[in-house]
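This report refers to the structure that appears directly beneath it.
In what follows, every chain begins at residue 1, and chains take the letters A, B, ... in the order their sequences are listed.
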Amino acid sequence: MAEAGVDGVLGHLNPAQREAVLTGASHNLILAGAGTGKTTTIVARVRHLLRQGVPPERILAITFTRRAAAEIRSRVQGDLAGASSSVAAMTFHGWAMREVRGAPDVFGYEGWSVLDAEDQLQVMRGVLGRGKRVEGLKAAQIVDLLSFAHNTRRTLAAAIQAKLPDLDVDPKAIGAAVRAYEQRKTERKYLTYDDILRVFAARLADDAVAAWVGSHYDEILIDEMQDTNPLQWQIIDPLVPHTRFYCVGDDAQSIYGFRGADFASIHSFSDRVPGARVLKLEDNYRSTQEILDLSNWLLAESPLGYDKKLRAVRGKGAKPELHSFETPQDEAGFIAAEMMRAHRDELPWATHLVLVRTNWSGRAIEARLVENDIPYVFFGGVKLLESAHVRDVLSALRVVANPDDEVAWMRLLTLVPRVGDVTAARAFDSFLTARGDGASAREARGLALAGMPAWLKAGLDAIEQAAARVDDAVGRAAAMLQPVLAHKYRNENWDARARDLVHVERLAASRASILEFLEEYILSPVFTSELEPESQQDHVIVSTVHSAKGLERDWAFCAGISAGSYPSARSLGDVDELEEERRVLYVALTRARDRLVMTRTAAHTPVRAWVGSGGAAAGFVEDAYFFNTLPERLVEEVPHVVARPARPAPPPGLSAPAEVDLSIDLGDLD
DNA sequence: ATCTGTGTATTTTTT
DNA sequence: ATACACAGAT
């Protein structure tokens, strides 16, 4: 079948999807509700373009995560020949970095390294010095604030207004701290996640650059368009005249407001992108009608008016279940028990998806799965490059790849026995001084390490020798640090950690350089659990709702659907955040195909909250819990609360008020 | 003065 | 799982 007919690409699509795939408009927005075949449509569109003769390298698909990118790549590939493998699928950050790295003459920043969240905090802490606070704000809060400002393209002052309206802080002091942080980043040649997008966006403001970048692609497809923020729009806008955009999204699934996404921006798409055509997909192929009835009800309760009613092509099924428990342990136990029961009935583990609101709440479930030997993969847990031992090893690679990388130097040096921050800072200082006097990075390293054990200098030289083979370099770093790490983690799972280091080495194979390797995995992180052997076999998926975009399973367990969690207590007081919580729950509910099991604890605690900050929408919400008004007909309620048998009353003769002498007998103190 | 070890607190959500 | 504070060791 060298020549797949039109039907080969389009045969399984409904008329609306077919229309969306074949559209000839130069720019398109596909509004695709949950389960309406969003990925199917994107994949079919790519295959359609390929069939039309568009070379694969002229198509770019922007996705939200590494996993989504991999999914699109493999589905595009499908039964087509190998050529399609060169269709690029990556995240916004991955794309920006690729453009920047691919044309240093245009963008600059050669040799700068990318900081992940943890390292940004380290830099900020270093700037704040002793007390590690400014105006009562911790380093993490200032970094968040700054990132919010960048992503929403606000000034720092405006971001303080928006994020901390009730706090009495001096914006000048925060401004000074931010300036110092920026200066430190420049000195050390650091780029943050936001900087990557900002460098790209800033150069695209030059129309010649935009025209050149746009000319690389016939079409750019963007998935999860509703989560695009103003900073990302700053990249899209200048490219509109120079390429085609094919965007897919759903306003009801916008759950990244905290990162600056504004779900309403999707509504103004056709104003923003002249000549754009807007198409809608409304037929849901995923779930039964009962699951959609509940989801539709949840949205209809919102004051925002989503104008969305999903129709189930599959028809009727079982009612969603709502189980109430006394404790989270009971809740986790029930979920595990249900899955084991299903497994005895020959249902594979892969039938199940467990959705949690926070990483933290996932741990309780995880513990139960481990206890019962249920194979699982946790999306949302610790990422490989975030774990302490991996960072330790990578710090050695980093000082070789970017000698100015202070954070890495400090981490590496303090691993040496008898070296703490004071000694480490002194060594780094002498390194900087030697560099300032014109020494090469290697000479300066030798001077700075004069008082250190010989293995450190020898190890770094060896890593430098091996730098062209990144996996070798990782292996040498791990070998060099093996003794100190084995000691440092002797009581903290050293064996498992050592296995991670082997994974890192494997991932590093075939990378062109240390910086490229680090960048790739900082920009699209891998969860440690994805590398475990379980992930190769039949397994349950546990995921935060945010990491569950695009996932679906026959059964979905939504845990912690309790008052105080939906909406989360932290979101009370802000209508926008409250409504975002509603969408988070909506995304969770719509993951289920056949059976939706919601579990909760302490369902009867009322949560009172002041909503709004003085505007017209402000008011006192008596009981802020989405399921307070849930109509009975939509779910099957199952209480698991064990009725405690009432304690028998004491016989009447025993009920006289008694007093006990509570003083101590002093005895003979002479 | 500096480092190491222990106990306690703390976590929305992610690139 | 890690950050921070503090006490004790060298």
_Ring-ring centroid check A:F200 A:F107, cutoff 6.0 Å_ =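 When the ring centroids of A:F200 and A:F107 are compared, they turn out to be within the sub-6.0 Å range.
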*Aromatic ring proximity, centroids under 6.0 angstrom, A:F64 and A:Y256*: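 When the ring centroids of A:Y256 and A:F64 are compared, they turn out to be within the sub-6.0 Å range.
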*Of the residues in residues 411-430 of chain A, which ones touch DNA chain B at a heavy-atom distance under 4.0 Å?*
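Contacts with DNA chain B under 4.0 Å: A:P417, A:R418, A:V419, A:G420, A:D421, A:V422, A:T423, A:R426.
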*Taking the inter-plane angle between the rings of A:F263 and A:Y306 on a 0 to 90° scale, is it parallel (under 30°), tilted (30 to 60°) or perpendicular (over 60°)?*
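Geometry flag for A:Y306 against A:F263: tilted rings.
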_Cation-pi check, A:R259 onto A:F148 ring (under 6.0 Å, within 45° of axis)_ = no
*Identify which one of A:Q120, A:K138, A:R125 satisfies the side-chain contact (heavy atoms from CB on, under 4.5 Å) criterion when paired with A:V143.*
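Of all the options given, the one that passes is A:Q120.
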*Below 4.5 Å, heavy atoms only, C-beta onward: do A:F378 and A:L369 meet side chain to side chain?*
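Side chain of A:F378 against side chain of A:L369, heavy atoms only: no contact under 4.5 Å found.
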*Could you give the CG-to-P distance, from A:D119 to C:dA3, as a whole number of Å?*
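For the pair A:D119 CG and C:dA3 P, the rounded distance is 11 Å.
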*Nucleotide by nucleotide, 5' to 3', does protein get under 4.0 Å of the base (B), only the sugar-phosphate (S), or neither (-) in nucleotides 5-15 of chain B, counting heavy atoms?*
S-----BBBBB
*For A:E519 and A:R101, what are the C-alpha separation, side-chain angles and deciding distance, and is it a salt bridge (Lys or Arg N to Asp or Glu O under 4.0 Å)?*
CA-CA 11 Å; A:E519 261 167 40; A:R101 289 302 187 222; 2.5 Å; yes
*Mind checking what makes ring pair (Phe, Tyr, Trp, His ring centres under 6.0 Å) contact with A:F245, not counting sequence neighbours?*
none
_Is the phosphate of C:dC4 approached by A:R125 (side-chain N or O, under 4.0 Å from OP1 or OP2)?_
yes
